[in-house]
Amino acid sequence: MSPTLILILIAGYFVVLVFIAYLTSRGATSESFFIANRNAPWYMVAFAMIGTSLSGVTFISIPGMVAGQGWSYMAVVLGYTVGYLVIGTVLMPLYYRLRLVSIYTYLEQRFGFWSYKTGAFFFLLSRAVGAAFRVFLVAGVLQLAVFDGLGVPFAVTVTVAIFLIYLYTFSGGLKTILWTDTFQTMAMLMCVAVSIYLMADELNLGFAGLVETVKDSSMSQIYFSDPKDDKFFWKQFASGAFITIVMTGLDQDLMQKNLSCRNLADAQKNMFWFTIAIVLVNIFFLSLGVLLYQYAAAKGITLPTNPETGAVIGDSVFPMLATNHFSLFAGVIFILGIIAVTYASADSALTALTTSFCVDMLTISQYEEKKQKTIRQLTHFGFSIILIVIILIFRAINDQSVITAVFKAAGYTYGPLLGLYSFGIFTSRGLHDKLVLPLCLLMPVITWFINANSEAWWGYKFGFEILILNGLLTFLGLWIISRPRDLKLNPVA
C-alpha cells in the first residue's frame, strides 16, 4: 500500500469522526460530557463498549501471540464472563443506587477523603498508562507503514494522532463517544471478518474447513498440564475474572458508559449481551491468528523475527501481512480496522480521564456551567499532552509484547483498587483514612519484589494473576489499618 493512500484513508476517517462529533456535541453540558445525560440506549452502549474494551492491543497482539502462547488467552476470556457477572450483580447496583458520576465517589462515602483520592489517583495512573500503550502500538504500525518513508519523526506521528482524538472529543465527551465508538466498532468487526474470509478463500477453505483448520492447529492449544506455567488454564481463568473486575468494574472509562444507561435494568442488559459479544469477538481474533500463520506458511512468507532470539515478533505479523501481502482491498480494511479499534479505546480513555480528574480531583460541580466547560476543556487538553509524553517514554523502553506489558502494568496499578473495593464491599470495618494512600503505594512495590523472586524461591512464575496477589496484599494491609466502623460517619455499605 502506498503512503499516500493510507494518509487519504486516515484523513477521510477522521473527517467522518469530526462530523459525528459536530452533530452530537451541539448544546453539550457537563452532564452530557460526563454521563450522556443518563439517557443512552443499552444496546448502543453494549455495542460501543466492544471497541472500547478491545483496542489495538487486541487487534494486533492477540492474533500475533498464538504462535508462542497458543489459545492460552482464551482462558483469560472465559474468566471475563465471571468478572462481568460480578460487575452486573454487585458493582452496578451499588453505583446506580448511589447515582454516581465518578465511581470513586463511593470510596469517600465508605471510607473518607484520602481513600477517595487514592482510588481516583490509581485510576488516573492506570488508564493513562493503558491508553498510552494502546496508541503506541498503532502509532508504531502507522510509522512503519507510512511515516518512516516520508521522514516524519515518531513524536510528530503521535502528537498528530492524539490531537485528532482531542479534536473530536473535547466538546461532546461521552455523548459523542457513544456514537463514534459505535461507528468504530463496526469498522473493526468488518476488518476481522473480511480478513478471515479473504485468507480462508486464499487457502481454499470453506466454513467447515476453516473451523477444522483452526481446531486441528497446534496453535489452538489451551494449557492444562503444569500449574507452575504462566499459561496454565486455571491461572489464566482466575486472572481474566479479576482483570475484568478491575479494568471494567473499577475503571471509570468502561463504567462511565454503563452509568449512561437509563436505569440499572438497562445497564445489566447491556452487560449481559456485551459479555456474549466479547467472548465471540475474541474467538474470532484467536482464529484470525491461526490463519495468519497458516497463510504465511502456505505462501512461503518469511515472518519478522527477533534478531537476538530468533522468535517471531508476534505484534508485527498481522500488520506486515496486511500491508505487504494481502490484496489492496484487504490492506485498506486493515488500516481502517486498526485505526477504528485503537481510537475507540483511546478517545474513551481520554474522556474518562477528564471526567475523573474534574469530578474527583477538582470537584467541578461546585462551579457554574460556564466555568465547568472551561475547566473540563483545559483538563482534556492537559491529559492529551500527558498521553503523548507517556507514549514517547514507552517507545524508548519497550522490549516486550504490548499486550503482556499492558496486563502486567494493570497488575500493579489496579491491585490497590481491587483491594479497596473488596474491603469496602465485603467487610463492615472502617479505615484509618490517612494511612490508605501510603499503604496503597507500598503494596505494588512488595508485589513487584515477590514477582521478581518467585521463580528462585518456589519455582513459580507469575502471569497475569499478579493482579490477584497485589489485591490480596492490599486487602490484608487495609485490614491491619482498619477499625470498627462508625456508621454515622461512614453510612455506605
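Atom OG of residue Ser348 and atom CD of residue Gln252 lie 10.0 Å apart, to the nearest 0.5 angstrom. Atom CZ of Phe136 is separated from atom CD1 of Ile391 by 9.0 Å, given to the nearest 0.5 angstrom. Interatomic distance, CD1 of Ile103 versus CG of Leu259, reported as 7.5 Å (0.5 Å rounding). Interatomic distance, Trp179 CH2 to Met44 CE, rounded to the nearest 0.5 Å: 4.5 Å. The distance from the CZ atom of Phe272 to the CG atom of Leu85 is 11.0 Å, given to the nearest 0.5 Å. With values rounded to the nearest 0.5 angstrom, Met188 atom CE is found 10.5 Å from Asp181 atom CG.
No hydrogens or angles considered: nothing links the side chains of Asn470 and Tyr414 as a donor-acceptor pair under 3.5 Å. For the residue pair Asn270 and Tyr43, no side-chain donor N or O sits within less than 3.5 Å of a side-chain acceptor on the partner. In summary, the side chains of Thr355 and Gln256 do present a donor paired with an acceptor at a separation below 3.5 Å, with no hydrogens or angles considered. At a cut-off of 3.5 Å, with distance as the only test, a side-chain donor of Asn451 or Tyr412 sits close to an acceptor on the other residue.
A donor-acceptor pair under 3.5 Å is formed between the side chain of Thr351 and the backbone N or O of Asp347. With Thr81 contributing its side chain and Leu78 its backbone, the two residues share a donor-acceptor pair below 3.5 Å. Within the 3.5 Å criterion, the main-chain N or O of Ile245 finds no donor-acceptor partner in the side chain of Thr248. Judged purely by atom type and a 3.5 angstrom limit, Ser454 uses its side chain to pair as donor or acceptor with the backbone of Tyr460. The main-chain N or O of Gly64 is found under 3.5 Å from a side-chain atom of Tyr293 such that the two form a donor-acceptor pair. With hydrogens and angles ignored, the 3.5 Å screen pairs no side-chain donor or acceptor of Thr185 with any backbone N or O of Thr182. In this structure a side-chain-to-backbone donor-acceptor pair under 3.5 Å is missing from Thr413 to Ser126.
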Could you walk me through whether Gln184 and Tyr13 satisfy the side-chain hydrogen bond (donor to acceptor under 3.5 Å, both in side chains) test, starting with their C-alpha distance in whole Å, then the side-chain angles of each, then the deciding distance to 0.1 Å, before giving a yes or no?
CA-CA 10 Å; Gln184 295 183 123; Tyr13 185 83; 2.9 Å; yes
Apply side-chain contact (heavy atoms from CB on, under 4.5 Å) to Asp251 and Leu417, showing your working.
CA-CA 9 Å; Asp251 185 287; Leu417 281 172; over 6 Å; no
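Both tests pass for Arg395 against the ring of Phe154: distance under 6.0 Å to the centre and angle within 45° of the axis. Remark: Lys257 is not positioned above the aromatic ring of Phe274, lacking an NZ or CZ atom under 6.0 angstrom from the ring centre and at most 45 degrees off the axis.
Counting heavy atoms from C-beta outward, Met92 and Gln268 have side chains that approach closer than 4.5 Å.
A side chain to side chain contact (heavy atoms under 4.5 Å, CB included) with Met320 is found for exactly one of Ile301, Leu292, Ile313, namely Ile301.
When every heavy atom of Gly337 is checked against every heavy atom of Cys191, the shortest pair comes out as CA-CB, 3.8 Å. Listed here is the closest heavy atom pair of Phe334 and Pro319: CZ-CA, 3.5 Å. Closest heavy-atom contact between Leu178 and Ala48: O-CB, 3.8 Å.
Less than 6.0 angstrom separates the ring centroid of Phe326 from the ring centroid of Tyr295. With ring centers used as reference points, Phe237 lies 6.0 Å or more from Phe242.
In this structure, Met190 places its CE atom where more than 12 heavy-atom neighbours from other residues, nucleotides or ligands lie under 6.0 Å away.
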